[in-house]
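This report concerns only the one structure given below.
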Amino acid sequence: MALSRRDFMKQAAAVSAAGAIGMKVAPEALAAAQEAEKGWKWDKGVCRFCGTGCGIMLATRNDKIVAVKGDPAAPVNRGLNCIKGYFNAKIMYGKDRLTQPLLRVNDAGEFDKQGKFKPVSWDKALDVMADKFKEAYNELGPTGIGVFGSGQYTIHEGYVMSKLVKGGLRSNNIDPNARHCMASAVVGFIQAFGIDEPSGNYDDIEYTDTAVMWGANMAEMHPILWARITDRKLAEPDRVKLINLTTYTNRCSNLSDTEIIFKPQTDLAIWNYILHEIVYNRPEMIDQEFVDKYTVFATGPCDVGYGMRSNPDHPKYTELERETMVKQVRKVLSEAEGKTLAHLGYKAGDTMENKRAAGAIKHWIIKFEDFKKGLEPYTLDFVAELAKGDPDESLESFKAKLQQLADLYLEKDRKIVSYWTMGMNQHTRGSWVNEAAYAVHLMLGKQAQPGNGAFSLTGQPSACGTAREVGTFAHRLPADLVVANAKHREFSEKMWKLPAKTLNGKPGSHYTKLLRDIEDGKIKWSWVQVCNPWQNTASANHWIKAAREMDNFIVVSDVYPTISAKVADLILPSAMIFEKWGAYGNAERRTQHWKQQVTPVGESMPDVWQAMEFAKRITLKEVWGETKVDAGLTLPDVMPEARAMGYTDDDTLFDVLFANKEARSYKWPDPIGKDTLNTLAEGDKRKVAGFEGYGFFVHKYLWEEYRKFGVGHMHDLADFDTYHKVRGMKWPVIDGKETAWRFNADYDPYVASKNPGEQFAFYGPALKAMPAGDLAGPIKGDKVKLPNKAKIFFRPYMDPPEMPDNEWPFWLCTGRVLEHWHTGSMTMRVPELYRAVPEAVCYMNGSDARKKGIDDGDAVWIESRRGKVKAHAELRGRNTMPPGTVMIPFFDERVLVNKVCLDATCPISKETDFKKCAVKVYKA
Amino acid sequence: MSGAKDMDRNETGRREFFSRLARGAAAAVAGGVVWGGLVREGQNAPLALRPPGALSESEFLAKCIRCGLCVEACPYDTLQLAGPGSGEPTGTPSLKPREVPCYLCTDIPCTVACPTGALDLALVSTDNGRTLDVNQTRIGLAVMDYHNCIAAWGLRCDACYRACPLIDKAITLEHTRNERTGRHAMLLPKVQTDVCTGCGLCERACIVEEAAIFVLPHEVALGKVGDNYVRGWDEVDQQRVNPDGGAADQVDQSGAGALDYLNDGVLGGEVDDD
Amino acid sequence: MTESAAGPRSRHLRFLVARRLLQLGVAVLFVGANAWGWKILQGNLSSSVLLGTIPFADPFATLQLLAAGGMLATNALLGAGITAVVYAVFGGRMFCSWICPMNPVTDLANYLGRRFPWFRAGSRQDPRKPLARSVRTWFMALALVLSAVLGTAAFEAVSPVGMLQRGLVFGMGLGWWAIAGVFLFDLFIQRNGFCGHLCPLGAFYEVIGRFSLLRVIHDHKKCTSCWDCLRVCPESQVLNLVSKGSGSVLSGACTNCGRCVEVCHDDALALTFRQQGIAQSSGG
């Protein structure tokens, strides 16, 4: 009989009770530990998971990551980590790691869409992939292919793919999963400030008196930042106030002074209530000097739809689905909308024709009086009635909370930071809500100062660094340049040494549209990298069908078998984070680099290598001839100029884009990479596919070329070597110094050059010449130039396209849990995390459940007009739901909640609203 | 076969009868000692966690008929019937939360199934057994090993807290500042003894190699305060007082009773002479 | 061996097959209840529920618990009462040969011992001084005394029968060793050692089964004194009337297994209810 583990634990308990604090480590134990660590090599890295960007240290031994520690020198986390970060060492070594290219083949070993996956050589895989690419490209042109990118790409990977797809293949059909996560924030930044990303940084936490969470469950999704907020609260418990605005009780409520449960979508009405309070009741609180000097007022169209398919009669959709889809074309206005759109002459019951869906992004300058007029309906009474989210709460109590919220914002010397993540971004009016947040902060002059500002928290580790800064979106180029701007294209062509007019000026399909295009047969070749579209995109049933039933070829580069890999035709095994050199950029503009720590497992290879090997198979003449994009746009033949530049017809994209003369000037070995693996430069011990390295320092070249886009353009990044010596730096990095707060002369050197003598300069260059008009629309005339000005938007409250009714009585909200990362492909393979949270459950209100005879732990169906999914009901635990709302996390592929979700998006940002659709719930 | 030889022969004499009787009695006594020892050894499993509604361990063992009906009633395969050699009384039900915790079914099927009352509905219900209340379950008490708890290192874990079905009641978070980093708080899970059901969801969820939070039976996990002092600020605590006066423990410091001690001489070193 | 049957082989084994089927059936129902949630017969032989309503309980285990001081709930007492009445009135010590899963184990040992006598060649067993049958009765008393002393059901805590019947349903653990021990004891050391001499549960049923209706009756006129019945009988002392005179086997130790009836090629033995038995013997 073995000694019972419980006996052991009892001893452990006794020991710990005796001396948990101040325990001394015996010298012998220390020596033993040192002996055990012999042969370990420690190097810095960055956590693979969320947008917080914690620094970690990695220990390797015998070419394997053996341990991790929080990096005590990292300013974000100072040696700490969360439960996911704790397991960085384990994510790479799951049992079912993909180690070989897998292709669907028939008995003869040839590709067959209906075949089964079999291992093939890298050469065969890449050859088939390139052949299939050419088939699709020749048939459909640049829009016939699509790349699903990622906010978890390393910066180098994103840059390589952006250059390959846009510069090489002349297609803008590359879009990252960050579309699902940050696109609304991007629109908010660009439209309000003319430049992407927050003005502040995490140190705001230590400076502020007030943190308001607007749809940000920081306690679970930004755990280390929550520890900092908690610490701030503990430091001055009476002074510091925390307010948690949410649609259900989450873990932030625990510490918050006030929890405000609001009805889904009404956050915009609450922002407008605060603005109403400022403008109508306490105008003396307006920071008039700030507003006059640094801001203008603006608004945009409302008849813009909900980002759904423009054709509700699409043959692949059911009658039930059409009930919602038709609202993309026209919508009958509700009681609330009758009030909030009264300034446009609408009343409740009117039908709004959504004619300006394509022009949703347009906006114009208005006068303060117009702004004020728009805000008229948002009285406390109206908003409280509209926004109260918990039927069990009294209206008076809710009103008092809203009043308190407004009071905190308006309090003269109170510093305040507004935080949000997916609650505001994943929203059919996501861009609008983001802008409303800036409106409040700008009106009060509480922006871009330590402890004051509106701060969008990114979800992914490099949503900022890669998706946004590199510009892997369908409309972007590096450093905030956009494809639609001819000057930006010209600049980029020069940077990339491309013939003039190589770049395609028409923005490509956004992430959800890539899937819609596949369903419509408009895309026949796609490549999925570092993301899981078939699990993470709403209306998933459609995309799964489209992948398997349409004539197309889908390549998925991944590290574990995911749902997306399952529906693919070719799977390429990718190297994971510490198996390659890389860099991430976190939510506070901090760029952090790491070196390759270990050789990739099996035959897996870095995504950069995959892109380059693919590029080797495409010659210039195959993609640089005259190419029709659509009826209105044909890309010119750029081969003559290419030849003039010294390129030949049979040069490959690899030669031109990646292994050109400049690239080869970055020699390897390099002192910064001393004693470090570099699979791309020198190959590695495996010699996968006979690969022995490109012979030059690929990553350094990519970085140095990429950073030239931003230097001098307000996106200055430091040189490659610097980042390997420091614990990350917040851009812009000027003269070797990072910028803590942008737009503020005390911290940002750009203010002095852009707006000499002024304290602030919202110097972002985008959208700074706008028409003027009134609430109804722009008035013909000259565009107004807005140098150094931020825009204060008026945006009205509007209902989401699908709301609960008798048939579908519940709101469904989806989200995440602390223990798992996104679609769970990594964390579900860490045994400890799997055990901690083995499945996604359906959080539900107790009285709702009782009415339907559902008990805790019962299996229930959650069904919408689009599909259904089964999960176990959870009536207690971490999330407490108000009556009428259920919540399901999306990490669990066995509870594929995106089959239920609606793929409505913000019409401007095209970011899906994963936070609300209407469902019914019943016992399974 | 030599069947005839094997057969009993009816020629037992008196002496043989007494001899056999004595042998039988001796065997019974010897057997009883060995047998009793075996049973005692099996009973000596103070770390067994019993199903919801279980009486105190000694009462439980006096009532459990080892039928496994509770085990069969459990929809989560939480309960196991101890096999021989498991270190627990064979045939009695228990759970190992690290493997499968108790999910606290609101209809408590295990307790309902018990035919003998070893699992007592009165212990998991209100109104004298009329309304089931699974939150009254006291399988054991979750105990923290803060030395191996990564939340106590300052890391953001608190997986046990979020796993707790009575979150913020049975496990709460204690917020303290992390002096080392100067800018992070520690969110320390803390078990509330009077609320914890011992379901073990926390133990299962704990992400370190050997759980740093684990359920122990109350007898093992808890101390006991004497009834000579009650909390003056707590009305309920007065119920602890023994109505018969209590304080039965006595120490006779003088060794010989007060009078003898007082009458004993103090001069001339007699004290030392003892 | 002289077990060549007069009738067809099926008749020759009819009780044996029926017993094995019943033992197996009960075990399968218990296993099914635990593994697949069947609601026919739940629990185990210590206590069970038939069709979700009728409780049964091992009356001896119940007695032990009462001795241990456990004030049992009604269900258990009712179950024990029902079980005790069924055996006392109807089946006698039938539990041992028709239900108990240990019975096939000891029967196998017994069979092997008869078939291959060399198993017992080195045995120290003195046929003149076998282990007394009364030992199990002592053990029964001892179990109750120990239960009172130890505060738990003392036999249940060590019972190989319990280990086997629970183990079949809930997992054996180290229980196989106990079963093997019983088997080897019966095979090498004492013929019918466990059931016939040690098991207090058997002793208990012997006591309550004394006046049951089901009985083996013997017709002396047909008997040819071949002794086949005694050779197969696990409690051979109960057949002391064979070849001596007609009548019923009245000892509670008889398990009503019916082996003697099956092997008798003279039709001199029958398993029948007391009424008939008495009528027949008085008529003959």
Side-chain angles (χ1 to χ4, degrees), chain A residues 1-2 4-10 12-13 15-17 19-21 23 70 72 75 77-83 85-87 202-203 205-206 219-220 223-224 226-235 251 254-255 817-819 830 832-833 835-837 855-857 874-878 880, chain B residues 45 47-49 75-76 85-87 96 98 103-107 143-150 152-168 172-173 175-178 180-187 201 204-212 214-216 220-221:
Chain A
M1 199 185 315
S4 155
R5 244 198 64 229
R6 288 179 186 287
D7 287 329
F8 165 76
M9 289 193 291
K10 201 172 136 197
V15 167
S16 78
I21 297 158
M23 241 173 132
N77 55 312
R78 297 203 175 158
L80 301 178
N81 281 113
C82 76
I83 187 170
Y86 179 83
F87 285 113
Y202 297 156
D203 294 348
I205 296 169
E206 282 79 28
E220 294 205 50
I224 290 297
W226 186 247
R228 287 175 67 167
I229 292 209
T230 304
D231 186 66
R232 179 68 193 123
K233 174 74 179 166
L234 294 178
R251 287 301 106 216
N254 165 295
L255 190 70
V817 295
L818 174 47
E819 292 84 349
V830 174
E832 291 87 344
L833 293 175
R835 185 178 55 214
V837 182
D855 205 347
D856 196 80
E874 175 76 63
L875 311 182
R876 44 202 179 194
R878 73 180 76 195
T880 308
Chain B
L47 296 173
L49 294 171
Y76 293 99
S86 64
K96 304 221 165 6
R98 186 65 164 168
Y103 288 88
L104 296 180
C105 308
T106 46
D107 53 350
V143 176
M144 296 282 309
D145 164 12
Y146 285 111
H147 190 62
N148 288 298
C149 167
I150 65 168
W153 299 357
L155 271 64
R156 269 304 316 284
C157 175
D158 42 273
C160 52
Y161 162 73
R162 285 188 309 283
C164 179
L166 297 173
I167 186 168
D168 281 333
T172 53
L173 285 183
H175 302 97
T176 60
R177 306 191 68 186
N178 186 334
R180 184 186 64 77
T181 73
R183 54 163 60 165
H184 300 87
M186 300 205 200
L187 280 67
L201 276 157
R204 211 263 315 242
C206 181
I207 54 97
V208 298
E209 214 165 286
E210 299 277 358
F214 38 82
V215 181
L216 297 174
V220 179

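Reminder, nothing fancy here: chain letters follow the sequence lines and each chain counts from 1.
- With values rounded to the nearest 0.5 angstrom, Ile167(B) atom CD1 is found 7.5 Å from Thr880(A) atom OG1.
- Atom-to-atom distance recorded for Ile229(A):CD1 and Arg183(B):CZ is 13.0 Å, nearest 0.5 angstrom.
- Ranked by non-hydrogen atom pairs under 4.5 Å with chain B, the options Arg878(A), Glu832(A), Arg835(A) are led by Arg835(A).
- When heavy atoms are compared at a cutoff of 4.5 Å, Cys160(B) does not approach chain A at all.
- The residue among Asn178(B), Asp107(B), Val208(B), Leu104(B) with the most heavy atom pairs within less than 4.5 Å of chain A is Leu104(B).
- In plain terms, the two heavy atoms of Ile83(A) and Ala159(B) that are nearest each other are CD1-CB, 3.7 Å.
- For Thr172(B), no part lies under 4.5 angstrom from a heavy atom of chain A.
- Here Asp856(A) pairs with Glu874(A), Leu875(A), Arg876(A) under the side-chain contact (heavy atoms from CB on, under 4.5 Å) rule; sequence neighbours left out.
- Applying the side-chain contact (heavy atoms from CB on, under 4.5 Å) criterion to Ala836(A), with sequence neighbours excluded, gives Glu819(A), Ala205(B), Ile207(B).
- Of the two parts of Arg232(A), neither the backbone nor the side chain holds a non-hydrogen atom closer than 4.5 Å to a non-hydrogen atom of chain B.
- Glu220(A) contributes atom CD, which lies 8.0 Å from atom CZ of Arg156(B) (distance to the nearest 0.5 angstrom).
- Distance check: His184(B) NE2 to Thr230(A) OG1 gives 10.5 Å after rounding to the nearest 0.5 Å.
- In this structure, the portion of Leu187(B) lying under 4.5 Å from any heavy atom of chain A is its side chain and not its backbone.
- Each of Asp168(B), Asp158(B), Leu173(B) was scored for a side chain to side chain contact (heavy atoms under 4.5 Å, CB included) with Arg251(A), with one residue passing: Asp168(B).
- To the nearest 0.5 Å, atom CE of residue Met186(B) and atom CG of residue Leu234(A) are 11.5 Å apart.
- Minimum interatomic distance between Cys157(B) and Leu818(A) (heavy atoms only, all atoms of both residues): O-CD2, 3.7 Å.
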